[in-house]
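It should be emphasised that the depicted structure is a prediction, and the values quoted were computed from it without experimental measurement. Heavy-atom basis, side chains included; hydrogens, waters and symmetry copies ignored.
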Amino acid sequence: MASDLEAKAKEAFVEDHFELAVDLLSQAINLEPNKAELYADRAQGNIKLNNLTEAVADANKAIELNPSLAKAYLRKGTACLKLEEYQTAKAALETGASLSPDDLRFVNLIKECDKLIAEESYTTIPIQEKTIAQDDNPKDVQQQDDLPEKPPVAVNKPKYRHEFYQKPDQVVVTIFAKKIPKESITVEFGEQIVCVSINIPGEDAYVFQTRLFGKIVPSNCRYEVLTTKIEIRLEKAEPIHWSSLEFTKNVVVPQRVNASSVTASNRPSYPSSKQTRDWDKIEAEVKKEEKDEKLDGDAALNKFFREIYQDADEDTRRAMKKSFVESNGTVLSTNWKEVGSKKVEGSPPDGMELKKWEY
């Protein structure tokens with residue numbers, strides 16, 4: 001079945017139906033999740049669709065599954081080149097060239113990387129985006145604005161919340177994920193990309209992947225897994241202020257940070273605030289408040305039930321859901337053997353009567 005989908009995807013590539021090709025390859029990957037060629041081919045489809053960060057992720061997965069697959073390095077190099085990550089692209093292409101020395105595509109792309117790296121070394125600060133001058137024709141601007149845009153892609157609500165703050169030379173990204181085993185977490189750094197994957201057996205995979213506002217130094221980036229969060233420290237390639245975490249096409253002149261003006265404590269500043277705050281102190285206070293928090297009544301009961309459900313096995317969770325729904329919220333059982341084979345009847349508190357509403 002997977003081979004049939006792969007064959008149909010190749011036909012879609014020939015006919016330039018790249019969205020269909022990506023969809024067919026995704027279905028094939030669901031059937032054969034450990035076949036490197038499928039990821040490498042889907043990376044090519046994503047490159048054609050300009051889904052470049054997705055293409056890099058697919059290429060990385062293909063390389064992980066088969067480090068000797070030359071075309072996976074070609075896909076990664078091509079996508080990183082388009083993302084202006086020239087050093088990362090060159091490294092991938094050089095590895096691919098060593099695996100396939102007769103493929104001239106590697107040679108040509110490496111030459112292009114060298115040229116762009118040389119040009120980039122002469123570039124200091126990006127030029128501010130051109131504004132509308134008096135001589136410009138407003139009608140021309142309006143016509144450009146009226147061009148059809150690519151329809152938005154539906155994005156599911158992320159499983160974990162994330163935030164970031166920055167120092168003059170560093171950006172700290174925090175993903176609030178509790179009690180995640182370290183072996184379930186993978187973090188990859190590119191010149192301007194960070195990709196975080198959380199794979200827990202029995203749960204949907206979580207992926208946080210973005211093209212960053214500015215370039216970083218991958219070799220100096222690191223991450224730490226704590227009980228309540230994942231903390232990722234990105235070293236900036238240049239001491240500029242990031243107005244956001246993600247890359248934006250609205251190019252502005254970055255504000256350079258004067259390192260000598262920073263206090264000895266080197267406290268980070270939150271990007272949306274003009275005030276300097278000690279975020280380490282605030283974090284410690286929040287943790288203390290969470291630890292000392294005392295609830296009563298329904299709040300304490302709900303917290304107790306959440307803790308039971310969070311640490312429970314699958315049968316216990318099924319029992320809790322079934323008993324609570326079927327009893328209209330009056331019974332909560334953790335024994336699946338007891339409630340799994342019969343309907344759970346409601347059990348109202350003493351002095352109260354359970355009524356069924358008719359619609």
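- With hydrogens and angles disregarded, a donor-acceptor distance shorter than 3.5 Å links the side chain of Glu191 to the backbone of Thr88.
- Inter-residue side-chain proximity for Leu5 and Leu31 is flagged as met; some heavy-atom pair is nearer than 4.5 Å.
- With Phe106 as the aromatic partner, Lys90 does not meet the cation-pi criteria of under 6.0 angstrom to the ring centre and within 45 degrees of the ring axis.
- Distance alone, capped at 3.5 Å, is enough to place a donor-acceptor pair between the Ser98 side chain and the Thr95 backbone.
- Taking OG1 of Thr186 as the reference point, atom CD1 of Ile198 lies at 9.5 Å (rounded to 0.5 Å).
- Two residues are said to be in side-chain contact when any heavy atoms from C-beta on lie closer than 4.5 Å; Arg42 and Ser26 meet this criterion.
- With sequence neighbours left out, Thr78 forms a side-chain contact (heavy atoms from CB on, under 4.5 Å) with Ile47, Leu74, Lys82, Leu109.
- Looking at Lys71 and Gln44, their side chains never bring a donor and an acceptor atom within 3.5 Å of each other.
- In this structure, Leu81 and Tyr86 have side chains that are in contact, with non-hydrogen atoms separated by less than 4.5 Å.
- In this structure, the side-chain contact (heavy atoms from CB on, under 4.5 Å) partners of Val207, at least two apart in sequence or on a different chain, are Cys195, Ser197, Gln209.
- Annotation: salt bridge (Lys or Arg N to Asp or Glu O under 4.0 Å) contacts involving residues 318-331, sequence neighbours excluded, comprise Asp315-Arg318, Lys322-Glu326.
- When each of Lys236, Glu235, Arg233 is paired with Gln170, the side-chain hydrogen bond (donor to acceptor under 3.5 Å, both in side chains) condition holds for Arg233 and for no other.
- Within the 4.5 Å cutoff, no side-chain heavy atoms of Val173 are placed close to those of Val194.
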If you look only at distance, which donor and acceptor atoms sit under 3.5 Å apart when one is on a side chain in residues 60-69 and the other is two or more places apart or in another chain?
from	atom 1	to	atom 2	distance (Å)
Asn60	OD1	Lys76	NZ	3.0
Asn60	ND2	Val56	O	3.3
Asn60	ND2	Glu188	OE1	3.0
Asn66	OD1	Ser68	N	3.2
Asn66	OD1	Ser68	OG	2.8

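- Every pair passing salt bridge (Lys or Arg N to Asp or Glu O under 4.0 Å) that includes a residue from residues 4-17 is listed here, sequence neighbours excluded: Glu6-Lys35.
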Salt bridge (charged side-chain N to carboxylate O under 4.0 Å, His left out) between Glu224 and Arg222: does it pass, once the steps are laid out? CA-CA 7 Å; Glu224 185 178 4; Arg222 64 188 188 277; over 6 Å; no

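- Only one option out of Val196, Leu234, Val187 pairs with Tyr223 in a side-chain contact (heavy atoms from CB on, under 4.5 Å); it is Val187.
- For Phe208, the ring pair (Phe, Tyr, Trp, His ring centres under 6.0 Å) partners are His162, not counting sequence neighbours.
- In this structure, CZ in Phe164 is found 6.5 Å from OG in Ser244, a value given to the nearest 0.5 Å.
- The shortest distance between side-chain heavy atoms of Gln166 and Val172 does not fall below 4.5 Å.
- In this structure Asn46 satisfies the side-chain hydrogen bond (donor to acceptor under 3.5 Å, both in side chains) test together with Asn51, Asp58, sequence neighbours excluded.
- Considering only heavy atoms from C-beta on, Trp336 stays 4.5 Å or farther from Ser341 through its side chain.
- Annotation: side chain of Ser333 is not in contact with side chain of Val344 (no heavy-atom distance under 4.5 Å).
- Legend: salt bridge (Lys or Arg N to Asp or Glu O under 4.0 Å) pairs involving residues 20-32, not counting sequence neighbours: none detected.
- Applying the salt bridge (Lys or Arg N to Asp or Glu O under 4.0 Å) rule to pairs touching residues 43-53 yields nothing, sequence neighbours excluded.
- Atom-to-atom distance recorded for Lys111:NZ and Leu93:CG is 13.5 Å, nearest 0.5 angstrom.
- Cluster annotation: Ile110 and Leu83 are assigned to distinct hydrophobic clusters (Ile/Leu/Val/Met/Phe/Trp/Tyr, side-chain heavy-atom contacts under 4.5 Å, transitive).
- Annotation: side chain of Ile230 is not in contact with side chain of Thr174 (no heavy-atom distance under 4.5 Å).
- Under the side-chain contact (heavy atoms from CB on, under 4.5 Å) criterion, Thr316 pairs with Ala312, Asp313, Met320, Thr334, sequence neighbours left out.
- With rounding to the nearest 0.5 angstrom, the CG atom of Leu226 is 10.0 Å from the NZ atom of Lys182.
- Residue pairs meeting the side-chain hydrogen bond (donor to acceptor under 3.5 Å, both in side chains) criterion with at least one member in residues 199-208, sequence neighbours excluded: Lys159-Glu203.
- Taking CD from Gln87 and CD from Gln192, the interatomic distance works out to 13.5 Å, rounded to the nearest 0.5 Å.
- Under the rule for a salt bridge (Lys or Arg N to Asp or Glu O under 4.0 Å), the partners of Arg105 that lie at least two apart in sequence or sit in another chain are Asp103.
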